[in-house]
Amino acid sequence: MSQILIIYTGGTIGMMSDPVTKVLKPINFEQIMDNVPELEKLNCKIKVHSFEEIIDSSNMNPEIWSELAGLIESHYDDVDGFVILHGSDTMAYTASALSFMLENLAKPVIFTGSQLPISAIRTDAKENLMTAIEIANAKKNDRARVPEVCIYFDYKLFRGNRSFKYNSSKFEAFRSPNYPILAESGVHLRFSVNDIRRPGEEPFVLHKNLVNEVAVLKLYPGISPTVVAATLNADVRGIVMETFGAGNTTTDQWFIDLLKDAIDSGKVILDISQCKVGTVELGRYETSKQLKDIGVANGYDMTFEAAVTKMMYLLGQLDDPKEVKRLLEVDLRGELTVS
Ligand code: ASP
């Protein structure tokens, strides 16, 4: 019988309303199991690892990502797949980070959670949990059907590093507009075979070292030199710059000069768009041509979540900013499409 490891980190799925304060607080995994007697009927064995400290995912951080990735590595040979229960607020960040940390992954790592606690009458948690387990357990010709880090939510399976939390009040919490969904569940569970990554023959490798020396520069008309300089001069090695449209910025000389100084001093600047759909095209407009010339990295159609975690991952692997810049522009785990 196949085995699935459920790792419980926290999130609304495992919260209960405090009878007095009415505030949502995490509960332990046994209480979750009591709400899903259907788990007994699955045709796989379930192992559970519950984090010692159950958290709201707003408290997630790279140290916990390393712990999570380490846990996956230590059970990698014993189980057929992983289901990670996680709050939806930062789920896309954790899924993106893990996609970079788990190289040559050949087993499913399926994140899920819910918008309503599992004990609530109208909860979305049960369907999310049961189908996430089914996906983690799904095989064809003895090989995992989805050997990727994914998010399963509201009947859809998304590539983790292509998704972001889109809605905080509907069950449809996630979207991945720049990449097709990998599976859809309804009467049948249908996999989009051609959109799912196929693992190579290389062995699985864990990369635990993430470096959080990253700043974010979100542009807006009227941004001042003081604000831009403060961000670029912060004690960081990488800057994710959220630009307009297809990767455009102001062409004001002071702005270009500040970016160039930062790059010349050894910092890496990555250009991603504030648009949720579409891609950065450095050099298409006059307003992005100079960025390309001074060595800004092209983030193509990466999500913000993938951009930040990929920067942390690459800074943790490499010292040479030119190498970091080069690899930011390369599709490492299906996180971007070079156009
Ligand atoms: N605040 C919760 C969390 O991210 C929301 C959720 O679980 O959906 O932990």
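Everything quoted here is computed from the prediction, not taken from an experiment. Atoms within each ligand, like the ligands themselves, are counted from 1 in listed order.
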Return the residue, atom name and 0.1 Å-rounded distance of the protein heavy atom closest to atom 8 (O) of ligand 1. S88 OG, 2.4 Å
Could you tell me how the ring of Y93 sits relative to the ring of F304: parallel (under 30°), tilted (30 to 60°) or perpendicular (over 60°)? perpendicular
Between D56 and ligand 1, is there a nitrogen or oxygen pair with a distance under 3.5 Å? yes
For ligand 1, which atoms sit closer than 4.0 Å to a heavy atom of G11? 7 (O), 9 (O)
Can Y300 and E335 be counted as having a side-chain donor-acceptor contact under 3.5 angstrom? no
Nearest-neighbour protein heavy atom for atom 4 (O) of ligand 1, which is reported as residue plus atom name and distance: S57 OG, 2.5 Å
Connected via hydrophobic side-chain network under 4.5 Å: L102 and I84: yes
Give the contacting part of S114 toward ligand 1: side chain, backbone, both or neither, where contact means a heavy-atom distance below 4.0 Å. backbone
Please indicate whether any nitrogen or oxygen in D89 is less than 3.5 Å from any nitrogen or oxygen in ligand 1. yes
Counting only heavy atoms not in R198, do more than 12 sit closer than 6.0 Å to its CZ atom? yes
Taking atom OG of S2 and atom NZ of K45, what is their separation to the nearest 0.5 Å? 10.5 Å
K289 and E286 ion-paired at < 4.0 Å: no
Starting from atom 5 (C) of ligand 1, what is the nearest protein heavy atom, named by residue and atom, and what distance separates them? T12 OG1, 3.2 Å
